[in-house]
Amino acid sequence: MKRKFIRAAMSLAVLMCPSVASMAFVPEKLDRGTVAVKTPEGIFIGWRSLSTDGDSTFFDLYRDGEKINPKPLSVTNWVDKEGTPTSQYVVRTLCGGKEIENSRPVTPWAQPYMRIHLNRPAGGVTPPFHAVNRGRELDRPNGEPYQYFPGDCSVGDVDGDGQYEIVLRWDPSNSRDNSFRGYTGEVYLDCYKLDGTQLWRINLGRNIRAGAHYTQFMVYDLDGDGRSEVACKTAPGTIDGAGQYVLLNGDDPQADYRTPVGDNVVGTIMAGPEYLTVFDGESGAALATVPYQPGRDITTEWGDNNANRSERYLACVAWLDGKRPSLVMCRGYYTNAYVAAYDFDGRQLKLRWLHRSEEKGRGLYGEGAHSISVADVDGDGCDEIIFGAAALDHDGTLLHRTALGHGDALHVSDLMPDRPGLEVFMIHEERGGADVRDARTGEILFHEDDNKDTGRGIAADIDPRYRGFEFWSLASSNIYSTDGFKVIARGRMPVNFRIYWDGDLCDELLDGTRISKWNIEKNRCETSIDFRELQPVSSCNGSKRTPSITADILGDWREEVILWDRETASDLVLFTTTIPTSYCIPTLMHDPVYRMSIVWQNVAYNQPPHLGFYLPDRYGH
């Protein structure tokens, strides 16, 4: 039987993504992430292959101290038909026939999910207010009561033990888009180990408004010490995980900069200091704080004067010099757009560069999306920033601009494997429609017109009969292949997240709580699993119906899904697949494009992660 995997003791960038072959991307030092689950066929066990595993790396699986595989395994999952719910499993890694590593022992989950209990914050009541939102009055003479619900998550190894922890944002029930007025509850960030141990809580305070466009929190190892930090916008009133106020220059922690009156501005934050803070990932203590660049007063040409377009934020992490990660914070995208890149050395945040686009028709002006992406698109070993319908080079200069304008969704990968480099699929709002473009040059390779805001669209490799990705949007009922841009089918499809769930190399589709599979014989999607049939779970972000996160968190290379318990609002539920696969693929988290996708996944209108290469070409169908 042909071995369906590749091993190489080389830099991850060379292994995983030819377009970043010279990048010194450093993969996280992860353990094997072993997980065991009881199934009708027996106990399913899955574990990680790592990008640093060599050709001579194999595995032995032990149940209760006894080896159960007849010969060393070249796969990273196994079904033990003799296992019991009390069995204990250990994966031993072999290199050149010698044992070099033992995994942590695990016992089976009773179901294909794990509940992570949360410390739900108490609700509250806002100050009284009266607002007018899009012609409708909102009168709250006694204030507005609110409760908290789990929101977006990110993952990072905050304590250096090789396992991921979860950073969760708690969203109050009165979170508001920037275009809506009124007070909101405060925003909290919590960190939990997978066993539910809470490590810390950060209260961002009254001067950070709650909503999808305000708090983009970055979780990543910014200083190279092997432990992830957490970074986000802060303000006077923010309390870090150690219980200390985050302050600069003698600012007043009790100050309230929320606008108290004015039907069209009440509850917005139009004054006061703004900060950028990096927190220690293990303790939540503030490590470094600087004034947020740019401040809202950098211009008066935001397109409005009521804290709407000036308060549109994006963020990401990028390897801008190819040697270390930089924190990238963005402000504005409907009109003026600003992008600031910072380096963090463990003690200080230092500005690397600040990009300004302030002239209509030039640069990033008006080109931003409700999402962002990162990849080395020009093969120079440094990451570029795909800023909606435009892109910045690693040095903060403009790489390309398409002039197609703002949009809601953005997908970057090797969509067309027979073309050099990467491609971008994007949908648009002002001009409508969808397009595929060259990620380096911005050349438009395909465009579909629409006379309205095309609010949703996705690119995913769902059909093995066609080379490359398929894509579709609300611009039409057409489902296209990037292989010649042929219409391969028609019909309404899920337009949310892609995911690797079953045992093949094609994408499945995740929408809300449901995973569906493209049926190539019937040319339609069919439900594979609805997580609500297992647990009373809910997706996040209202009509966007996104998961709290999808990522390769545990087990083999397939992705996990985290949703939240809608009955208690006090639990996350992590789902993992138990479908066997014969493919042995290094953890997706060791691919630079995918790993940076997980970092920015929580930003604004959440988008799914993608690999920086075409999976079927690397591993074959």
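Excluded from the calculations below are hydrogen atoms, water molecules and symmetry mates; all remaining heavy atoms, backbone and side chain alike, are included. Residues take their numbers from the sequence shown, with the count starting at 1.
- Enclosure of atom NZ in K350 is not indicated, since only 12 or fewer non-hydrogen atoms of other residues, nucleotides or ligands lie within 6.0 angstrom.
- Annotation: the span from D297 atom CG to M270 atom CE amounts to 12.0 Å, rounded to 0.5 Å.
- The side-chain heavy atoms of R618 and L611, taken from C-beta on, include no pair separated by under 4.5 Å.
- Under 4.0 Å is where a charged nitrogen must lie from a carboxylate oxygen, and between R181 and D263 no such pair does.
- Side chains of T513 and D530: a donor on one and an acceptor on the other come within 3.5 Å.
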Evaluate salt bridge (charged side-chain N to carboxylate O under 4.0 Å, His left out) for D511 paired with R545, printing each intermediate quantity in order.
CA-CA 6 Å; D511 188 11; R545 295 170 51 85; 3.4 Å; yes
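- Under a 4.0 Å N-O distance rule, the pair K517/E526 does not qualify as a salt bridge.
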With side-chain contact (heavy atoms from CB on, under 4.5 Å) as the criterion, how do E359 and Y365 come out once you've worked through the C-alpha distance, each side chain's angles and the decisive distance to 0.1 Å?
CA-CA 6 Å; E359 184 177 344; Y365 190 103; 5.7 Å; no
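- Relative ring orientation between H213 and H370 is described as tilted, the plane-to-plane angle lying within the 30° to 60° band.
- Within the 4.5 Å cutoff, side-chain heavy atoms of L327 are placed close to those of M218.
- Looking at D450 and S476, their side chains never come closer than 4.5 Å, going by heavy atoms from C-beta outward.
- Between Y614 and F469, the ring planes are tilted. Angles from 30° to 60° get that label.
- H411 places a side-chain heavy atom less than 4.5 Å from the side chain of P608.
- The shortest distance between side-chain heavy atoms of E470 and W518 does not fall below 4.5 Å.
- Of the inter-residue distances, the one linking T397 atom OG1 with E384 atom CD reads 9.0 Å to the nearest 0.5 angstrom.
- Put simply, the residue from D483, D617, T482 that forms a side-chain hydrogen bond (donor to acceptor under 3.5 Å, both in side chains) with R467 is D617.
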side-chain contact (heavy atoms from CB on, under 4.5 Å) evaluation trace for V278 with Y342
CA-CA 11 Å; V278 175; Y342 293 86; over 6 Å; no
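- We find the CG-OH distance between L510 and Y500 to be 14.5 Å, quoted to the nearest 0.5 Å.
- Separation of atoms CD1 (I598) and CG (N602) is listed at 10.5 Å; rounding is to 0.5 Å.
- Ring geometry for H428 versus H447: interplanar angle of 30 to 60°, hence tilted.
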Assess the residue pair H400 and T441 against the criterion (side-chain contact (heavy atoms from CB on, under 4.5 Å)); give the C-alpha distance rounded to whole Å, side-chain angles, the decisive distance to 0.1 Å, and a yes or no.
CA-CA 6 Å; H400 70 250; T441 65; 5.8 Å; no
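- Interatomic distance, L399 CG to D378 CG, rounded to the nearest 0.5 Å: 6.0 Å.
- Ion pair R498/E559 flagged as a salt bridge, since at least one NZ, NE, NH1 or NH2 atom sits closer than 4.0 Å to an Asp/Glu carboxylate oxygen.
- For CZ of R440, the number of neighbouring non-hydrogen atoms (other residues, nucleotides, ligands) closer than 6.0 Å is 12 at most.
- Counting only N and O atoms by type, the side chains of E311 and Y313 include a donor and acceptor under 3.5 Å apart.
- Aromatic rings of W302 and Y338 (six-membered ring for Trp) have centroids within the 6.0 Å cut-off, being under it.
- For the pair F497/P547, a side-chain contact is recorded, criterion being any heavy-atom separation below 4.5 Å from C-beta on.
- Applying the side chain to side chain contact (heavy atoms under 4.5 Å, CB included) criterion to D321, with sequence neighbours excluded, gives K323, R324, R352.
- The closest side-chain donor-acceptor pair between E508 and S528, if any, does not fall under 3.5 angstrom.
- Not counting sequence neighbours, D453 has no partner by the side chain to side chain donor-acceptor pair (under 3.5 Å) test.
- Side-chain contact between R524 and M493: absent, with no pair of heavy atoms (C-beta onward) separated by less than 4.5 Å.
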Does I479 form a side-chain contact (heavy atoms from CB on, under 4.5 Å) with R490? I'd like the steps, not just the answer.
CA-CA 6 Å; I479 303 162; R490 290 182 172 85; over 6 Å; no
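- Separation of atoms CG (N336) and CZ (R309) is listed at 11.0 Å; rounding is to 0.5 Å.
- Salt-bridge annotation for E274 and R296: present, with a side-chain N of the basic residue lying under 4.0 Å from a carboxylate O of the acidic one.
- Using a 4.5 Å heavy-atom threshold, the side chains of R419 and D438 count as touching.
- A ring pair (Phe, Tyr, Trp, His ring centres under 6.0 Å) with Y480 is found for exactly one of Y466, W472, F471, namely F471.
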